[in-house]
Amino acid sequence: MSTLVIVESPTKARTIRKYLPKDYRVEASMGHVRDLPRSAADIPTDLKGLDWATLGVNVEEGFEPLYIVPKDKQKIVKELKSALADADELLLATDEDREGESISWHLLQLLKPKIPTKRMVFHEITAEAIQAALENCRQVDQKLVRAQETRRILDRLVGYTLSPLLWRKIAPHLSAGRVQSVAVRLLVNRERERLAFHSGSYWDLKATLDKNKSPFTATLIELGGQRVATGSDFDPATGQIQANRNVVLLNATTAQALRDRLIQTDWRVSQLESRPQTRKPAPPFTTSTLQQEANRKLHLSAKDTMRIAQKLYEEGLITYMRTDSVHLSEQAITAARACVSRMYGQNFLAPKPRQFTTKSKGAQEAHEAIRPAGSAFVLPNATGLSGRELDVYDLIWKRTIASQMAEARLTLITAQIQADNAIFRASGKQIDFPGFFRAYVEGSDDPDAALESQEVILPTLTQGDALVCQKLDAQAHETQPPARFTEATLVKALESEGIGRPSTYATIISTILDREYAIRRGNALEPTFTAFAVTGLLEQNFPDLVDLRFTARMEQTLDDISTGEVNWLPYLEEFYLGDKGLETQVKEREQGIDPSSARAIHLPNVKAEVVVGRYGPFVVMENGDAPVKASLPQDATPGSLNHEQIEQLIRQKLEGPDKLGLHPETGEPIFLLSGRFGPYVQLGEATTENPKPKRASLPKGVTAEEVTLDLAVTLLSLPRTLGLHPETGKLIQANQGRFGPYVVVDPDGEKEYRSLKAGDDLFTITLERALEILAEPKATRGRTKKEALKNLGNHPGDDAPIQIFNGPYGPYVNHGKVNASLPEGVTVEEMTLELALPLLAAKAPKGKAGTKNTTANKSTPKKTTTRKTTPKKSTQSTSTRAKKTTSG
DNA sequence: CAGTGAGCGAGCTTCCGCTTGACTT
């Protein structure tokens with residue numbers, strides 16, 4: 001007989017197994033095993049008709065939750081049950097936080113063990129820690145479980161009460177939630193600030209000064225005893241200098257005049273100041289800070305970062321990647337310090353081990369900080385990793401090492417320089433001892449500030465020194481609106497408010513993008529019209545729920561529930577059914593919310609109304625008694641739309657499309673129109689006989705204003721025939737496609753495509769050049785060609801190579817079109833041809849398959865964007881939700 | 001791919017937090 005231990009993740013199961021006695025069996029629950037029904041399909045048949053079944057909470061009967069085992073967990077539960085049958089003791093070893101405690105409780109409810117059962121908790125996987133945990137087991141903490149259940153129910157009530165309201169008032173398939181709606185509101189509020197922003201301009205002077213042939217620069221700060229205005233003196237609402245600021249504002253003329261006067265005067269050092277500064281290293285990574293840094297330094301999305309971190313974790317290279325703790329274990333500190341003294345020397349070691357404390361709200365700290373795993377950190381170049389995986393590991397390694405390094409010591413030097421009645425300032429920064437800078441400098445969200453961290457050397461100066469002014473320039477500046485959120489800054493903001501959890505930051509962003517509350521433009525997240533409409537409705541009717549502090553207050557109550565100071569049921573009753581309660585408020589306000597005004601958005605910079613419609617946003621402009629409506633381009637957002645664009649759209653609607661002119665040969669009119677996919681030109685009018693006249697999109701980078709009749713004629717002349725293939729006699733054409741210009745052989749038959757190279761031009765390319773390009777092999781899809789991790793040799797059957805590649809789910813063996821994962825516990829190094837053959841045989845397609853299926857490598861153009869509608873299987877994931885796709 | 005935005009309507013959409021999984025004629 002034996003003891004069954006249940007943990008959350010299979011990787012953790014594998015690691016702790018070796019610290020447990022032989023007869024202990026460790027299994028993973030894969031996170032939560034029960035939940036409220038997600039949709040109608042999850043509701044048991046006997047409860048189907050009940051009005052509270054979809055909500056999954058019987059609010060009239062003591063807020064009793066309806067728990068089900070989701071489809072993807074049924075197999076796991078079955079396996080756990082059968083493992084339990086062979087055990088004579090059960091240890092529940094899920095994480096020691098609210099969610100972990102709840103998982104243990106649900107396991108108890110489901111498995112109903114008849115054998116002795118205990119709750120085991122540990123924070124570190126070492127022989128001693130596990131031993132200590134075995135000796136100090138306890139029972140499941142019911143109060144903590146209740147706190148989790150309250151959280152779960154509250155989130156369900158918010159989400160499943162507000163979302164339907166949005167369907168009724170704005171558009172179907174929208175969503176609202178305690179976390180996502182606040183995140184969207186942050187984006188919207190920032191965009192509003194940007195829209196209300198008025199830029200101001202100011203000038204100053206920049207001098208290049210010299211002493212003993214070492215030039216340095218200084219900036220004008222004071223004139224005639226008055227400070228010279230800078231960006232922070234402006235009122236963002238007006239673009240003017242704020243009231244009560246005693247400053248001089250220079251413009252182009254006054255700055256130039258001042259320049260001409262000062263260049264002739266004497267320059268002298270009037271004041272010198274130098275002060276020492278020390279800098280401490282940043283704490284080791286949490287999920288949130290890792291995502292931020294990977295976004296700033298490696299330009300990875302939160303989702304990509306997590307996928308890579310998961311991989312590193314599974315390879316045993318780093319500790320758990322979903323954590324809110326900055327705590328380092330004894331083992332980690334020792335390992336980091338050993339690395340520092342070996343690689344940088346004793347000088348660079350922090351005199352005492354440095355331990356950090358978590359400051360973010362609501363942290364639960366069930367895990368360590370993210371750091372290289374083990375008691376001796378693997379050096380980045382010894383990991384065998386490459387590409388992004390190596391980059392992320394390197395980042396984690398450096399940040400961890402740096403946290404145990406000595407402080408950096410700097411000297412900041414400020415010199416004031418007098419030139420007649422003007423004062424200039426020069427700042428220098430000298431690094432006296434780099435300390436942890438050697439290993440790691442935290443990235444910045446502000447590129448200007450990032451520059452600042454570099455050393456700026458000033459020559460040795462003394463008060464009264466005479467200086468030579470080599471150059472003096474007047475420079476113009478403009479105040480900038482506050483920057484849009486990026487993934488990094490949004491995650492940072494959410495975390496500091498205690499909103500969302502490490503396991504959810506990446507999915508919060510995915511949800512916002514999936515629901516089209518925001519689009520990603522460059523690194524920035526830009527809120528859409530839908531986001532404005534939804535945020536407006538929620539702010540007007542449920543201000544408390546979209547308040548940044550709502551989650552913090554909820555967390556406080558949950559803490560009080562877990563200590564027994566607050567009773568959970570009255571809290572939920574008040575929250576949902578009370579006078580100010582959610583359900584009460586929805587019922588009260590439902591009538592008053594007019595759908596057409598909820599869908600309408602008024603923007604300060606635009607004199608028309610934008611309406612969120614079934615087919616995307618459109619503008620409505622008053623025009624006598626029949627308002628004019630016009631669709632907006634698909635990527636239009638409140639922040640990208642300007643009044644000229646709208647006027648053009650409206651004018652086109654009123655006067656018909658702009659006519660560019662007549663076709664020089666056929667005499668047909670050529671129109672410039674604007675559609676959902678941007679501007680395009682059209683030859684002739686659409687009539688009933690010819691409903692689809694020839695059309696062509698403008699090439700990238702050409703705006704509607706720049707289009708000439710010539711360009712339109714050339715675009716409409718496409719495809720351009722280059723000639724016949726000298727060998728096969730097949731037609732060769734050049735054309736403009738979704739991925740840019742290309743050439744094609746046999747456009748009505750076999751269709752062999754190649755993209756044009758950087759130097760080639762669609763309109764001048766010759767048949768000879770086209771043949772050259774066509775002779776080259778097709779470029780491999782994706783960014784980089786995959787390199788095999790290891791070659792195992794050739795298959796005895798067909799002599800084709802068998803190789804190991806790195807895939808999204810770990811390394812796998814490849815032979816032709818057959819892929820197979822490595823057996824559990826076998827490393828890439830240990831794999832051999834002999835081990836691979838049976839794996840491949842088991843995966844190989846049976847019978848005749850294999851010959852036809854060449855599509856994988858051939859042309860399978862993705863239908864729409866990168867978002868593919870994946871199989872109906874994974875009903876869990878939000879990103880796989882079927883979408884209304886308007887392309888084809 | 002390309003000019004719409006209301007109406008009749010069955011049944012459905014949706015939350016947050018834990019965790020990995022891997023389709024076929």
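Letters A, B, ... are given to chains in the order of the sequence lines, protein chains preceding strands, and every chain is numbered from 1.
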Asker: Suppose we screen for ring pair (Phe, Tyr, Trp, His ring centres under 6.0 Å). Which residues come up paired with A:Phe532, at least two apart in sequence or across chains?
Answerer: none
Asker: Run the side chain to side chain donor-acceptor pair (under 3.5 Å) test against A:Glu590 and tell me which residues pass, sequence neighbours left out.
Answerer: A:Arg168
Asker: According to side chain to side chain contact (heavy atoms under 4.5 Å, CB included), who are the partners of A:Arg599, at least two apart in sequence or on a separate chain?
Answerer: A:Ile170, A:Pro595, A:Val611
Asker: Please check if any side-chain donor atom of A:Thr511 sits under 3.5 Å from a side-chain acceptor atom of A:Tyr517, or the reverse.
Answerer: no
Asker: Sort and list the pairs that fulfil salt bridge (Lys or Arg N to Asp or Glu O under 4.0 Å) and have at least one residue in residues 171-186 of chain A, not counting sequence neighbours.
Answerer: A:Asp155-A:Arg178, A:Arg185-A:Glu539
Asker: A:Asp547: what forms a side chain to side chain donor-acceptor pair (under 3.5 Å) with it, not counting sequence neighbours?
Answerer: A:Arg549
Asker: Give the stems involving DNA chain B, where a stem is 3 or more consecutive Watson-Crick or G-U wobble pairs (i with j, i+1 with j-1, and so on) under 3.5 Å.
Answerer: none
Asker: Mind checking side chain to side chain contact (heavy atoms under 4.5 Å, CB included) for A:Glu27 and listing every partner two or more places apart, or none if nothing turns up?
Answerer: A:Leu4, A:Arg25, A:Leu80, A:Ala83
Asker: Identify, residue by residue, the members of residues 162-171 of chain A with a heavy atom below 4.0 Å from DNA chain B, and return them in order of residue number, or none.
Answerer: A:Ser163, A:Pro164, A:Trp167
Asker: Taking side chain to side chain donor-acceptor pair (under 3.5 Å) as the definition, give me every residue that meets it alongside A:Thr530, ordered by chain and number, with sequence neighbours left out.
Answerer: none
Asker: Holding to ring pair (Phe, Tyr, Trp, His ring centres under 6.0 Å), I want the full list of residues that pass it with A:His32, two or more places apart in sequence or in another chain.
Answerer: none
Asker: Side chain to side chain contact (heavy atoms under 4.5 Å, CB included) with A:Leu47: which residues, sequence neighbours excluded?
Answerer: A:Ile43, A:Pro44, A:Leu50, A:Leu66
Asker: Report, one pair per line, the protein and nucleotides 5-11 of chain B atoms (nitrogen or oxygen only) whose separation is under 3.5 Å.
Answerer:
from, atom 1, to, atom 2, distance (Å)
B:dG5, O6, A:Ser631, OG, 2.9
B:dG5, N1, A:Ser631, OG, 3.4
B:dG5, N2, A:Tyr615, N, 3.2
B:dG5, N2, A:Gly616, O, 2.8

